Amino acid sequence: MNSDRRKPYPFDQIEPKWQAIWEERQLFHAPNPGEKGSDPAKPKFYVLDMFPYPSGAGLHVGHPEGYTATDIVARYKRLRGFNVLHPMGWDAFGLPAEQYAIKTGQHPAITTRENVAKFKSQLKRIGFSYDWQREINTTDPTYYKWTQWIFLQIYNSWFNPETNRAEPISTYRGTDPDSVRLAYVADVAVNWCPELGTVLANEEVVDGKSEVGGFPVVRRPMRQWMLRITAFAERLLEGLDELDWPEGIKLLQRNWIGRSQGAEIDFKIENTDQQIRVFTTRPDTVYGGTFLVLAPEHSLVDLIVTEEQWPAVREYRERAARKSELERADLSKEKTGVFTGAYAINPATNNKIPIWIADYVLLGYGTGAIGGVPAHDERDLEFAKKFDLPIVVVVQPTGDEPALGFTGEGIAINSPVINGLTSAEAKKKITAWLEERGLGKRAINYKLRDWLFSRQRYWGEPFPIVWENGKHRALQEKELPVVPPPLDDYKPTGTGEPPLAKAKEWIRYSDKAMRETNTMPQWAGSCWYYLRFCDPHNDERFVGQEAEHYWMGGDKPGGVDLYVGGTEHAVLHLLYARFWQKVLFDLGYLSKPEPFQRLVNQGIILGEDNQKMSKSRGNIVNPDDVIDQHGADAFRCYEMFMGPLEQMKPWSTRGVEGVARFLARVWRLLRTENQAGEWELSKKIKAIDATKPQQKLLHATIKKVTEDIESFSLNTAISQMMIFVNAFTNVETIPLSAMRTFLILLNPFAPHISSELWERLSAEFGDARGDVSQHSWPAYDERLLIEDEVEIVIQINGKLRDRIKMPIAATEEELKTAALASPNIQPRVAGKTVRNVIVVPKRLVNVVVT
RNA sequence: GCCGAUGUGGCGGAAUGGUAGACGCAACGGACUUAAAAUCCGUUGGGCCGUAAUUGGCCCGUGCCGGUUCGAGUCCGGCCAUCGGCACCA
């Protein structure tokens, strides 16, 4: 034939063949209710991958790990009679395409189209059973029209604290609706990245650097669009309880939301009628409060600083403002701060205490001011020592640790109102005491910040907003989509003004009104894509009511039944999407308050050298190469056989070869090579009954594979199929029916080879026609698994000493007698006292002697 | 610093509190072959005893120390290491 090494089986022919058949017959299209082919009796199953950003580099082996797992589940559920929604799309707005455009001048839409084509062909080569009729792209105007529409719903809503939900802004009775909208404009200290020329969300800043590119980020006040996610903090927290997610991910979200309960206390400022409100989780330590510290940017600073302290304060503030996030977060450095010259009155002690400013107090958390309790807070103690401020111990530890610097719970001392109480009791009592006197109240704070929602970039969704006379105003629904202008120069301006501002024509909405020139962050499109998949071609609505109700589960549990993706989205996408879902749910557009019922995180795949895959290390594995060499089925099976999905694990070329050998053995079980080097059906295949041991193995395999798919243990499912195949190598005759059943089990994992072999069997034997995927998943017969005889382990004092064969039905007494009579046991027990004999039926006998 | 996950052969990994190491890789030996590849068969945690050789027998072994239990990779307590998250959040 040719000089190529002969393939162990012709995957290079059968894989494209079956992919073409699936596409032509649209076998994996899931009909919506009411559509042709929809069967209302079928239960639905929605299994979703986190859709990728189509980068120029194409897929690496990490992407298809989760995709393969979901594909196996999707195919399995179809075989079990579910109507399965298994879609794929493109999260295509974002920085890389734009950076590329800046370098080359090529429009990001062109880059995106090319990358999408590449990704799609790679995914198709792996044989994923996506319903490509539902493909979506976040950069498509027919898609982002609805992203903009959802923004308008958010903009036109407010959070009603009385009903604890989002409501149309028309129900708001106050005077300034703009102050309560869920989307609002604010001057905020933002994370400005000069290199990228844009602001970033807190979640996008890692160690003071941009998550994308790793460029330095500095604080800078700017006018920005914000989404009021903090209003939903409590519901985002509570909602987690009901979700079938990994506990670790729930915890990450809980920590990110960062709820803490305590009190707000007002401190009167001496010689003024102003007061400073502080938040504390330890109101029981109020008697130990010997100073106040304000964040340098706190608005009261201007009002209270004395003449002689102004120069020092001004200088300190300027220095703090110049600091990058990284510098400010640097814990190893010493505490800094400046005295304002002003004093406050501690409401518990009535003592006069100094007011300082220091950058260890953050404007954005609590009230931006704290009461310094140096005796029971590490940071306050450090600060007090540095600046020689008084320290008063007010909590006595119950153990023998020193009271000074004790931050745990103990007994209140030096605190007349609460002396002798435990910290928990003291908190309650002092809070009530403060409340009675109008000096404070219970309060809850969250670390969660409102979501900074605007970016100074070109390649994102424009806001459906115009400005007139300095005020913002929403566009009408009929004006959507707002399409960005064509531009020759995508570069950030460097001033913080978005690139869209360069489109002088475009920004003129009317004589008086100008368009908003910021764009939305990349997360916008991914916040609701799972909803669009339910009804991707609807041009009347973002998702049709009936389709949403059906696929998202309506009043039944479900939503997205299974969602698989990486942990990197634990607090970004997964929190934002839950937020949008809740807003749309409150406004009556959706049937469920939570989108993703079950979440599974796949672990990352390391390079063969056990290091993270990266271009610089040169250890990236390309799926195309693997498929060229071993075929898509081997690629799929190896990805699953490597180990538990959730775990981090290294790639192994040898491992792929092992799995490829398994599939080749499956092939040769049913097909043999004739003299001419052609594959033909094995003569060993006969329409006979399986032997009893074969029956048993078959049913054990059905059981194991079924249970393992249900529990996501896909690696051990493959092991079991290997055991099955190994048992049939070198047998004289192979029963047809057992092979057919096996091919169905194999189908979700290796769809091409199982389809081909199924078809060949049908052709030869003239029955069971149709695609293997059109048949149904086999049931196992528990009765066939029962053994007549079992091996019983005999232990003495827990140590294995003998094994005997016993009938399955042997009674405890029989087992005991047989065990004690066994030749290996008798001499060891002779002359000793048998204290006890533990019998575990069908398993073991443990003789306890002394 | 706080929180979380993980720790089992040469390697990836299996094990409802009940035979540790399934399955695969690698290695070694054999069959087939002129030869190689491919394929098939066998051995393979460590140490020791026994025997001409086999069958066999014993001890140790799931990061470390302790506990619960007839019995612990698995449960409990304390440590160590690696990875991940958060990090002046009052």
Side-chain angles (χ1 to χ4, degrees), chain A residues 5-8 206-207 246-256 258-260 262 278-282 285 293 328-333 335 358-362 364-373 376-380 382-383 407 445-449 567-568 570-571 601 603-604 610 612 637-638 641-644 646-659 661-662 664-665 668 673 704 713 715-723 726 729-730 791-803 824 835-840 842-849:
Chain A
R5 197 162 61 87
R6 189 134 170 45
K7 310 241 188 267
V206 178
D207 292 331
E247 278 308 313
I249 298 296
K250 291 197 198 177
L251 202 68
L252 282 174
Q253 289 215 355
R254 289 196 182 102
N255 292 341
W256 189 264
R259 181 187 203 269
S260 55
V278 305
F279 173 75
T280 176
T281 54
R282 293 298 298 271
T285 62
V293 189
R328 196 162 162 169
D330 187 0
L331 283 175
S332 59
K333 68 158 172 41
K335 290 271 177 292
D359 67 2
Y360 83 91
V361 176
L362 309 172
Y365 184 76
T367 61
I370 62 156
V373 184
H376 306 293
D377 182 282
E378 269 178 57
R379 299 147 301 181
D380 296 346
E382 203 190 316
F383 191 76
T407 57
N445 253 296
Y446 302 93
K447 281 203 276 191
L448 186 68
R449 294 287 97 90
T567 21
E568 67 271 21
V571 288
N601 285 122
I604 57 172
N610 245 299
K612 226 172 170 171
C637 288
Y638 177 65
F641 187 65
M642 288 172 84
E646 299 85 345
Q647 204 168 291
M648 187 195 300
K649 46 214 177 286
W651 186 263
S652 157
T653 303
R654 301 284 202 178
V656 192
E657 289 165 12
V659 173
R661 274 200 280 272
F662 157 65
R665 273 204 298 278
R668 289 194 310 268
E673 218 170 353
K704 178 87 177 135
S713 310
N715 53 330
T716 49
I718 294 172
S719 296
Q720 181 64 36
M721 289 190 282
M722 287 172 167
I723 292 170
N726 290 346
T729 19
N730 292 338
E791 191 176 70
I792 301 292
V793 167
I794 309 175
Q795 301 178 328
I796 294 179
N797 293 341
K799 280 194 195 298
L800 172 73
R801 289 294 178 236
D802 203 4
R803 296 155 207 214
N824 275 335
R835 294 269 169 217
N836 196 2
V837 179
I838 286 122
V839 180
V840 182
K842 293 181 225 176
R843 277 197 179 272
L844 63 73
V845 178
N846 187 13
V847 184
V848 185
V849 299

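Note that the structure is a prediction, hence the values are computed from the model and not measured. Within every chain, numbering begins at 1; the chains are lettered A, B, ... in the order of the sequence lines, protein sequences first and strands thereafter.
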Next item on the list: For nucleotides rG47(B) and rG61(B), find the distance between their C1' atoms and express it as a whole number of Å.
Entry: 10 Å
Next item on the list: Looking only at side-chain atoms of Glu791(A), point me to the closest of rU19(B), rG85(B), rG13(B).
Entry: rU19(B)
Item checked: Stems formed with participation of RNA chain B [Watson-Crick or G-U wobble, under 3.5 Å, three or more pairs] -> B:1-7 with B:80-86, B:10-12 with B:23-25, B:27-31 with B:39-43, B:45-49 with B:56-60, B:63-67 with B:75-79
Note to self: Within the 4.0 Å limit for protein heavy atoms, which parts of nucleotides 20-27 of chain B are touched? Write it as a string from 5' to 3', B for base, S for sugar-phosphate only, - for none.
What the structure shows: --BBSSS-
Please tabulate the protein-to-nucleotide N/O contacts below 3.5 Å involving nucleotides 31-33 of chain B, giving atom names and distances.
none

Item checked: Glu646(A), CD: over 12 other non-hydrogen atoms inside 6.0 angstrom -> yes
Item checked: Span that lies between the P atom of rU74(B) and that of rG7(B), in whole angstrom -> 11 Å
Notebook entry, point to check: Does rA90(B) have OP1 or OP2 sitting under 4.0 Å from an N or O in the side chain of Ser260(A)?
Noted result: yes
Between the protein and nucleotides 2-7 of chain B, are there any N/O to N/O pairs under 3.5 Å, and if so, what are the atom names and distances?
none

Next item on the list: For Tyr365(A) and for Leu252(A), locate the closest nucleotide of RNA chain B by heavy-atom distance; then report the residue assigned to the nucleotide nearer the 5' terminus.
Entry: Leu252(A)
Check: Nearest-Å distance, CZ (Arg803(A)) to P (rU19(B))?
Finding: 10 Å
Next item on the list: Among the candidates rC83(B), rG12(B), rC70(B), find the nucleotide nearest to the side-chain atoms of Met648(A).
Entry: rC83(B)
Check: Contact class for Ile838(A) vs. all strands (heavy atom < 4.0 Å): base, sugar-phosphate, or nothing?
Finding: base
Checklist line | Within 45° cone of Phe383(A) ring axis and under 6.0 Å: Lys335(A) NZ or CZ | finding: no
Which atom pairs link the protein and nucleotides 59-63 of chain B when you take only N or O atoms and keep those under 3.5 Å?
residue : atom : partner   : partner atom : Å
rC59(B) : OP1  : Arg801(A) : NH2          : 3.2
rC59(B) : OP2  : Arg801(A) : NH1          : 3.2

Margin query: Once you apply a heavy-atom cut-off of 4.0 Å, does Asn846(A) come out as touching a base, just sugar-phosphate, or nothing?
Written below: base
Next item on the list: Check every atom of rC88(B), rC86(B), rG18(B) against the side chain of Asp359(A) and return the nucleotide holding the closest atom.
Entry: rC88(B)
Notebook entry, point to check: With a non-hydrogen cut-off below 4.0 angstrom, is Pro246(A) in contact with a base, only sugar-phosphate, or nothing?
Noted result: nothing
Notebook entry, point to check: Base, sugar-phosphate alone, or nothing: which one does Glu646(A) contact when heavy atoms must sit under 4.0 Å apart?
Noted result: nothing
Note to self: If the condition is salt bridge (Lys or Arg N to Asp or Glu O under 4.0 Å), which residues does Asp802(A) pass it with, not counting sequence neighbours?
What the structure shows: none
Note to self: Base, sugar-phosphate or nothing for Asn730(A)? Non-hydrogen atoms, less than 4.0 Å.
What the structure shows: sugar-phosphate
Check: For Ile796(A) and rU19(B), what is the distance between atoms CD1 and C1' respectively, to the nearest whole Å?
Finding: 15 Å
Note to self: Could you tell me how far rC65(B) sits from rU8(B) if I compare only their P atoms? Round to whole Å.
What the structure shows: 16 Å
Check: Can you tell me how far P in rG10(B) sits from the matching atom in rC2(B), rounded to whole Å?
Finding: 35 Å
Check: Checking only heavy atoms, does the side chain of Lys447(A) share a donor-acceptor pair with the base of rC86(B) at less than 3.5 Å?
Finding: no
Check: Testing Ile370(A), Val278(A), Thr367(A) for side chain to side chain contact (heavy atoms under 4.5 Å, CB included) with Val361(A), which one passes?
Finding: Ile370(A)
